[in-house]
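The residues of the chain are indexed from 1 along the displayed sequence.
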Amino acid sequence: MGMISGLLSFEKPMGETLTRLLYYLGIIGILWQALQRLWFWIRYLDNDWDTALWGIIKTPILAVIAILVLRVVAEFVLAHFRMDKSLHDQVTGRAAPPPKAD
């Protein structure tokens, strides 16, 4: 019951955790789709050899680009959550005081 009440509580924000979870699920989805496309192009070799070869070459390249775009989006969302937390801490007075100059 403690884990469920921890998930339903608003004491700790879940934005960063959910962003990381969705990032990893996105990577799995991109890789799964890339494997499906690669298998399609391998089976298509008998029909049109040059088109299938081009598909086999571009599938991993597009998968890497998709993962990079997903990473940029995840970093942007995480930066937003960090800024929101930082601003919240400054407004509520929870931010650390500036260091004293000697």
Margin query: Within this structure, what is the CD-OG1 distance for the pair Q36 and T59, rounded to the nearest 0.5 Å?
Written below: 11.5 Å
Item checked: Where I42 and I56 come nearest, the two heavy atoms and their spacing -> CG1-CD1, 4.0 Å
Checklist line | Within 6.0 angstrom of F40 CZ, more than 12 heavy atoms from elsewhere | finding: yes
Notebook entry, point to check: If every non-hydrogen atom of A74 is compared with every non-hydrogen atom of T19, which pair is closest and at what distance?
Noted result: O-CG2, 4.0 Å
Check: Would a hydrophobic clustering, with Ile, Leu, Val, Met, Phe, Trp and Tyr connected at side-chain separations under 4.5 Å, put I57 with L38?
Finding: yes
Checklist line | Contact check, side chains of W41 and T51, non-hydrogen atoms, under 4.5 Å | finding: yes
Check: For L70 and I30, which heavy atoms make the closest approach, and how far apart are they?
Finding: CD2-CD1, 4.0 Å
Next item on the list: Working to the nearest 0.5 Å, report the span between CZ of R37 and OH of Y44.
Entry: 10.5 Å
Note to self: To check you understand the geometry: which heavy-atom pair defines the closest contact between D50 and D48, and what is its length?
What the structure shows: OD1-OD1, 2.6 Å
Next item on the list: Report yes or no: do L31 and I61 belong to one cluster of Ile/Leu/Val/Met/Phe/Trp/Tyr joined by side chain heavy-atom distances under 4.5 Å?
Entry: no
